[in-house]
Amino acid sequence: MKESSVHENAKKYGMVINLDKCTGCGSCMVACMSENNIPFKADETNKLDSITWMRVYRLTNKEPFPKTEMCYLPRPCMHCGGKGDHGHSPCVSVCPATATDYDHKTGIVSQIYTRCFGCRYCMAACPYRARYFNWWDPVWPKEMESMLNPNVSPRMRGVVEKCSFCFHRYQLAMEKAYLEERRELEEHEYQTACTQACPSGAIVFGDLNNPSHKVHELKKHPNAFRLLERLQTNPKVYYISSREWVRRSGDNYLIGENKTSTK
Amino acid sequence: MTKGESASTNSSRGSGSIIFLFFIIGLIGSLVVGWIIFPMLLYSEKKQPIDYNHAIHLDAVDNGCESCHFFREDGTFSGIPKLSQCVDCHGEVQGSNPEEKRFVEEYVQKETEVPWLAYSRQPDCVFFSHVVHVKTAEMKCEVCHGPIGSSEHSKEYEQNRITGLSRAIWGPSIAGFRKNSWDSMKMDVCGQCHEKETGSKGPCFQCHK
């Protein structure tokens, strides 16, 4: 077992989201909420204390009426690899409890709820606001208790949570692979809930290192960009947009800064 | 003056030894409470609904443990068998064992699942893949579960009153000592074996969810 685990190829799971295809319907958010047992409150109007691992933002180009354009941007956790992909993502670097760490086998940034003590440094460090704090113990309507996903443990008050790229689905897919004496997964065997829920096929998920996976080519698209790329967080979520103002809104630029600096 | 001084030192020596005596009594008392009385109070004892004989079943089946505790097609582990599996053989009373007769009458004929108490149930936040341990690493069931296959009676199920977990997780020794590999199912035990076999304890996400 020791030898074979050394020879396993390191995966780098990531996403490419085509913003031209995204209609902002919110299916990914709903699918994520129910897949990952994300708690909700009767009144969700205060977005500062509500939890949405996958969140769809609405961008506008801030032009007056005839030229007004809009774009919807789904934002999961970026699973930053950090500079040089060494796993020094912003949140992992600051966590004093090692409750969040970088898995070099899959490239996924984990969050271990039972280890987290809720200091929220990671929330301050995350430039994407992908992390959420549980201000209350989760309460589901009674009928919903039996519909919770048994593969995802519910969180308790006082811990931080975030998107895991549906890591439990990876584990389940690996169980099947091990039974069939495989160690590699097919692309379709491990897909996140949001990817499968997206009606327009805007979200594509797979191993960025694997040339046979769709994301491998898509991330090289000339209109592909990542959010806040210049912070060198090295996120694993790529976006594609044919509109330049959308690509430019993925990062902060000085007024009059060379427009060609965006990809 | 000198007489008075020596008297007072004598009495302070006397009270010092009394204090020491009480300290020892208190120390021993708290050790007894902590190591013997508290563990006795901590675990509640429950009986399994049916006194199950593993040994007799293991003789009767062809495929060892996996005859009843099998892997599903998707790689997940079935765990404790459901009634539908038992009915294959136990549709009618087969032997003279009163426990079997009770099982058939109370559960098979009434078509109700047996509320077995799972000795090895891990807490909510733990993910454990049986298939990778049993199939890929070719580990024997006994390494973690002990020689349960040769047991003739179900042992008592001891439940921690605070955590609700089975005693098999912490193990029989309250101090955490282990004589056998199956004496405890704590994270440390997993970690030790993983460090030895794979070279690292692995990322947290490997087992935590």
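Naming convention: chains lettered A, B, ... in sequence-line order (proteins, then strands); numbering from 1 in each chain.
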Flag side-chain contact, heavy atom, 4.5 Å: [X] against [Y]:
X        : Y        : value
A:Arg183 : B:Thr136 : yes
A:Glu175 : B:Val132 : no
B:Phe205 : A:Ser164 : yes

Count the heavy atoms of every other residue, nucleotide or ligand shown that sit under 6.0 Å from [atom1] of [X], and state whether that count exceeds 12.
X        : atom1 : result
B:Met187 : CE    : no
B:Trp170 : CH2   : no
A:Arg129 : CZ    : no
B:Ile56  : CD1   : no
A:Arg120 : CZ    : yes
B:Lys186 : NZ    : yes
B:Tyr43  : OH    : yes
A:Arg182 : CZ    : yes

Residue [X] versus chain B: region with a heavy atom under 4.5 Å:
X        : answer
A:Glu181 : neither
A:Tyr102 : neither
A:Leu172 : both
A:Thr100 : neither

Look at [options] and state which one has the largest set of heavy-atom pairs under 4.5 Å with chain A.
options                               : value
B:Pro123, B:Cys125, B:Gly202          : B:Cys125
B:Asp124, B:Val134, B:Asp74           : B:Asp74
B:His208, B:Glu138, B:Arg72, B:His130 : B:His208

Closest non-hydrogen contact found for B:Glu73 with A:Lys176 is O-CE, 4.0 Å
Can you tell me how far the CE atom of A:Met174 sits from the OG atom of B:Ser129, to the nearest 0.5 Å?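 Rounded to the nearest 0.5 Å, the CE-OG separation comes out at 9.0 Å.
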For the pair B:Lys209 (side chain) and A:Pro150 (backbone), establish whether a donor and an acceptor sit closer than 3.5 Å, ignoring hydrogens and angles.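 Side chain of B:Lys209 to backbone of A:Pro150: a pair is present.
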I need the residue from A:His168, A:Gln171, A:His104 with the largest number of non-hydrogen atom pairs under 4.5 Å to chain B.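 Of the candidates given, the most pairs with chain B belong to A:Gln171.
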